[in-house]
Structure formats: structure tokens, C-alpha cells
Amino acid sequence: MAVTQPPDNSTQSNYFKIATEHVVFVWTIDWKEKKIVGSTTHTLRVREDSVKEVVFDTFALDVKGAQVEGKAVPYDLGKHHDVMGSALSLPLPSGLKRGATVTAKVEYETTSGGQALQWLEPEQTQGKQHPYLFSQCQAILARALAPLQDTPSLKITYDAQVSSILPALMSAIRVSPPSAGPPHGGKVIGKDVVTYVYKQPISIPSYLLAIASGNLHYRAFDVPQGKDWTSGVWTEPEMLDQAHWEFKEDTTRNLALEESVIMPYKFGVYDVLVLPPTFPFGGMENACCTFLTPSIIAGDRSLVDVVVHELTHSWFGNGVTYVQLPIIICLYAYFHHIPCSAHSSHYWLNEGWTTYMERVLLSKLHSEAERDFSYLIGSKALKDALKEYEDTPKYQRLIIEMEVGEDPDDAYSSVPYEKGANFLFYLEKVLGGLDVFLPYASDYVKTFMGQSIVTDQWKEHLYNYFKSHGGNDKIKALDTVDWNAWLHGEGLTLPVGMQYDTTLATAVYALAERWDKVRAKDVKELDFKESDVELFSSNQKVLFLDTLQSYSALPLSHVSLLGSLYGLANSGNAEIRFRFYGVALLDPSSASSKHYAPVAAKWVVGEDGTGIIKGRMKFCRPTFKAVYKVDKQLARETFGRKKGGFHPLARKMIEKVRSQYTER
Ligand code: BES
Ligand code: ZN
């Protein structure tokens, strides 16, 4: 029986037979036609004797030609699959030996059929003068930007030359013109074509490939003495002062702190790019250049934790990367001529570790109580996510078995973040606390730096490390862990009830309870005061609103008072505003929902007078969902009017919500 399936159910490429090691992108941004035109040249290493073809992933790419070893070859573009795209096969010279290298070049153009790129009109930008383009490749969208073996199991280095009339950024180190020099190399922005040259000498998985182009300006951060990396912020000039202020204190200090805990930062550049509000995530850890939503620029640095998260990925994710499946199992299957069917995603290694470490850093920066407080906030997100997956319990697991062509976006939730972080937090406690766990975390990263691994490799290293650092006692402690429940368990709770320090939550819970108790009273009799929340941090307000959501719905009169008295209903902090609407729309049939559904709908699409869309999926998806539950027509009309303003990915996910509520 021939093995036709690749060892990762989200790729059609044959990277296990021949694998890309290096890529050269030569691209021109065609702003008029909204496409990237150019070529991708792979240097590949043969992994299996006599491999006959190389297969790349593509998604809605318009392929113009292909060459192998400099000679034109006929190519085959397979049938389009809605999630995986089309396999692009190029024939290889016969008799290739394992270990040999081959070059393969593909000429192509991107099309509007893919979801990796968003092209913005000038009106959608801060400056309103120039268009804007940015990519988002995780989980499996890089293939809509370039023909690639698009799997996290493989790491590649790259060089890029991007020609554009607007400054262009990539997830790599700028070679020329210099970042800190005059914008656009001193040429006229929006008119003169400048070729931006980048190199990425460290191997990265394809999902970290990124490009952005627009009227982007740079300002450096001060870097602690003796560092061999630079750091700074990119954004449109209108935002540069604000963005620089928001991140200048924390970014380099936190990067240096993480270096001291784990190991030196090795990517040379750690920049952040503050994008327009349609960016569908809070942050994305693209190599050398974290992409950020502008909604975290709160003006008071209250949301900079997102950057702590993204910079932590430099070690946990960008350094040590998760695998979509155990290669060993697939090679076994391959050699025994059986189809490889065990396709598990070990994504939790990325997000669980990152969330765990992000919170360790918080405890070092602030207090131990602050760390536990983050877990308290996270437990609401976890509870909601587990509940959401009641009908698809496999997504409640840490290790998820993926079917061929299954959309990784459907599996995306807080589970790998929160269950994963709690698992590590639990192990830390089992093994004796931070003093023993952090040296272990550092050893873990140093051991697997540059590799893509599976959970079994992580676990084996954990055991080995503690065998030689503590011996029998530690091994005994590890043996008490219910590995199966943590890694493969389903259900609505964690395998172990976690105890968190509630110092910072006590006042929050007390206030929430006071509101809960007076729901039957007339609003005029309530004795709440503005000063109730005077001493609350933004995160405490977040937990306060989350706690109210865990009770039954409050009457409209109370919700209105809550919103106005505490300034929640018009908060500029999206984390707070979003949760206020969560409280207001808790019971879809209530008067409060009737009143607030149109308000929430307007907020999310920017029809609230700000013109700012809440493109971050964390906010727009649940808000639309809540509005759908209250008033289908309102939700449908609002989305219909504004959907062009959303990122293609957010559009896809909101459309899924819509079909949930209209097809029933
Ligand atoms: N890598 C993720 C974003 C992502 C995940 C994009 C999967 C596409 C597919 C990033 O590091 C992340 O976790 N972002 C969070 C930030 C938060 C946890 C601080 C987000 O965007 O909400
Ligand atoms: Zn993350």
C-alpha cells in the first residue's frame, strides 16, 4: 500500500522526503492590483533516496512558472482544498541521493482568495493617505503568501528582497536601508520604489513568516548596556509618540529579564509593529518583529502584558517549536507501509509554556500575588472555552488529534493557554517551586533550541532533568502526576483543583457579591459609589466584570448604573468595555440585552463615533455572538454593512458564528 498522506494533517507537502532549508523571496508589492508578485526559491535537502518530486503547499496562489536546478519544469497544481489549499508538485531529477541539495524556484502572484494578507484602503489607516498591507500566517496561512512546506515541524532560514513604494517590514533582520535611518531610505514615501533587503539567519517555522508595508516609521528603545540586540517600535507616524511611550519602559527590560531567567535572546532584533485596528489578534510573535493590535495602547501601559507574552515566545515557540505530529510515528508508518493516522497537535507546548512564563515574569516584576491573579482571570476564559467545546470534547484536550484537512482555527481557544499554563504551574508546585522549576525551564529551552518537538520529548527531558537534579524524590513526585488526565483528558474542569492566592481578588469578589445581592432592589435604593472601584487596577475591573458574568443577569437599571457609575460603559480599555457588554448581554431575552445589543454592535464596528473597528477576534467574535443571540437581524445587518472592514480571518470566524445562528 502506498503512503500518500503526509505526516502532518495540515500540510500536503512531502517535507519528510525532501525538506526546504533556505528560501529566497523576491517580491514586488503591486498596490494597484493588491497583490504580491515575485518568486520563491527553495534550497532543499533530500531526505529519501530517489525522491521524485517536491510538493509545496499553496493557497490561492497564481503560479506562473517553476524551475528546478535553474531549468524550467512542468508543474502540477492539485485540487483546491478549502483548508489546506492546493499541493504544488515539481518533478525532480532522477537518482537523487539522501543528503543532496536541490534548488526549486516558483514564480507566482498572490490573489484575493487567500486569508494571509489584508490590504487596507488609506481610509482604514491612521494617516488616511497611504494604503497598508500586513500578513498573518499562523496557523497555516503562510501558503497563501508563498509556496512553502507549511508545517511547524520544519524550520527554514530566509533572505528577502521586497520592492515597494511604501516602507516594508519582514520577520527578519533589516540589511538595507537601515531601520534607524531616514524613513524609506530617504526616498519619497508613496512614490519611489525602494527595495528592502532582509535576512533571517536563524531557522524559523513557516508560520513566523511575515510582511507588512505602509507608511511605517521607526523609533528605537533604549537597550540595557552590553546587549547584542536592538529593539524599537514601528507604526504610522501619527501613532509613533504614543506607541513609543506605551512600550519603551517594559519591552527591553522584560526581554532582558527573560534572558536572565532562560537564555540569551538570539534573534538580534526585537521590534514591535503596532498595526491598524483590523489586526485580528492581540499580538503575533513574528520573528524579530512582534505584531500588535493598537487596542493595547491604553495610554497608561496597563495592557503591555501582551508584549510580555509575545516576547516570551522568542524562546517558547520561536526557539523551541511545537510539532503538529510525531515524525517518529509517521516514519514508522511510512516504513511499514501503513497510512500515518496519528496526527496530534502539540500546540500547547507553545502557548502553555508562554503563558506560564509570562506569568512568572509578572511575579518577578510585581508580586507573587499578581501571578495568581492572572490565573484567576484566566480561569474564566478556560471555563468558557471548555464549555464552548462541550459538543467537540477533543478540543478540550491539551494534545489534539487532527483529521486530514481539519481547520486548526476551529481548535483555537484558551485551552492550550490556560490548561497548559496550569499544568506547568502544577508541576512547579509538585517539584518544589520556582527555585527548582526555573533552572529546569532554562535547561529545557537550551536542550531543544532550534528544534520542533512533541510532548513526549518534553516529558522525557523533564524526567531526565529531575533524575539528575534531585533524584528519587523528584521522580516520585513526578510519578504522582496524572499524565493522561492532563494531556488527554476532556471535561469542564482541570484534573487537579488549583489553589490561587486571592489577595488581589478579595475586594473584587466582595463588590461583585454586593451587586449580586441587590438585584431585586429598586435602583434608587442602591448605595454604590464611584469610589468602590477607585483603587481597582484595570485587571481587577476585568475580574469584577467576569465575576458578575458568573451570576445571573442583572436588571437593565442596575447594568446602566454599573456602566455609568464606574465608567465601564465608555471605558477606552477594550478588555473592560468588552466585558461590560458581556454583563449587559448575559441573558439574551432581557431588557438589558435589548438595550445594549445595538450599543455593543456599534462599538464593535466603530459606529460609536470613533470609527475604530474592534478587529481583534477576542473581542469581535464573542460580541457578535452575543448580539446574534439577542437580535439576529441587528447582528446580520451590522456585520453585512461592515464586514469589508474586518480581516479575512475575523470575517471567516464571524461568518461561522452567523451560520450557527441562522441555520437553526
Ligand atoms: N501566536 C498567538 C496568536 C495566534 C495563535 C495566531 C494561533 C494565530 C493562530 C499569540 O502569541 C497569542 O497568543 N496572542 C494572544 C495574546 C495574549 C494571550 C496575551 C492574543 O492575540 O490574544
Ligand atoms: Zn501566544
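Note that the structure is predicted; figures quoted are calculated from it, not measured. Atoms within each ligand, like the ligands themselves, are counted from 1 in listed order.
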field: Between W234 and Y218, ring centroids under 6.0 Å
entry: yes

statement: In this structure, atom 8 (C) of ligand 1 is nearest to the protein heavy atom F281 CZ, 3.2 Å

- prompt: Is the NZ or CZ atom of R397 both under 6.0 Å from the centre of the six-membered ring of W486 and within 45° of that ring's axis?
  reply: no

- prompt: Given the rule in the side chain to side chain donor-acceptor pair (under 3.5 Å) test, do N539 and S537 qualify, once you have shown the distances and angles that lead to the verdict?
  reply: CA-CA 5 Å; N539 273 342; S537 66; 5.6 Å; no

Geometric N/O contact Q136 with ligand 1, under 3.5 angstrom: no

field: K429 to F425 six-membered ring, cation-pi geometry met (6.0 Å, 45°)
entry: yes

query: Does a donor on one side chain sit under 3.5 Å from an acceptor on the other, for T610 and D608?
result: yes

- request: State whether a side-chain donor-acceptor pair under 3.5 Å links N254 with Y270.
  value: no

task: Give, for atom OG of S538 and atom CZ of R301, the distance between the pair rounded to the nearest 0.5 Å.
output: 14.0 Å

- request: Could you pull out, from A139, A381, G282, P408, the option with a heavy atom nearest to atom 21 (O) of ligand 1?
  value: G282

- request: Identify, by atom number and element, the atoms of ligand 1 in contact range of H313, meaning under 4.0 Å from any of its heavy atoms.
  value: 11 (O)

- request: Please write down residue, atom name and distance for the protein heavy atom closest to atom 15 (C) of ligand 1.
  value: E310 OE2, 4.0 Å

Whether W315 side chain and M263 backbone form a donor-acceptor pair below 3.5 Å: yes

field: Protein contact of atom 4 (C) of ligand 1 - nearest heavy atom, named by residue and atom, plus distance
entry: Q138 OE1, 3.2 Å

- line: In E351, the N/O/S atom nearest the Zn ion (ligand 2) carries the name OE1

message: I need the nearest protein heavy-atom contact for atom 22 (O) of ligand 1: residue, atom name and distance, please.
response: R616 NH2, 3.1 Å

- request: State the atoms of ligand 1, each with its element, that fall below the 4.0 Å cut-off from a heavy-atom position in Y347.
  value: 5 (C), 7 (C)

- prompt: At the 4.0 Å heavy-atom cut-off, does E358 count as touching ligand 1?
  reply: no

- prompt: Once rounded to 10 degrees, what value does the angle at the Zn ion (ligand 2) take between NE2 (H309) and NE2 (H313)?
  reply: 100°

message: Is the distance between the ring centroids of F267 and W229 under 6.0 Å?
response: no

query: Applying a 4.0 Å heavy-atom criterion (strictly less than), which segment of Y207 is in contact with ligand 1: side chain, backbone, both, or neither?
result: neither

message: Out of all atoms in ligand 1, which are within 4.0 Å of some heavy atom of Y412? Include the element for each.
response: 5 (C), 7 (C)

Residue, atom name and distance, where the atom is the protein heavy atom closest to atom 10 (C) of ligand 1: G283 O, 3.2 Å

- request: Flag yes if more than 12 heavy atoms outside K266 fall under 6.0 Å of its NZ atom; otherwise flag no.
  value: yes

message: To check your reading of the model: name the closest protein heavy atom to atom 2 (C) of ligand 1, its residue, and the distance in Å.
response: E351 OE2, 3.3 Å

message: For the residue pair R577 and F580, would you count it as a cation-pi contact if the rule is NZ or CZ under 6.0 angstrom from the ring centre and within 45 degrees of the ring axis?
response: no

statement: Checking heavy atoms under 4.0 Å, the part of E285 that sits near ligand 1 is side chain

Matching residue for T278 among R651, Q118, H647 - test: side-chain hydrogen bond (donor to acceptor under 3.5 Å, both in side chains): Q118

- prompt: Nearest non-hydrogen atom to atom 12 (C) of ligand 1 belongs to which of F279, Y417, F291?
  reply: Y417

- request: Decide whether the shortest distance between a heavy atom of M617 and an atom of ligand 1 is less than 4.0 Å.
  value: no

Ligand 1 to V306 polar contact by distance, N or O atoms, under 3.5 Å: no

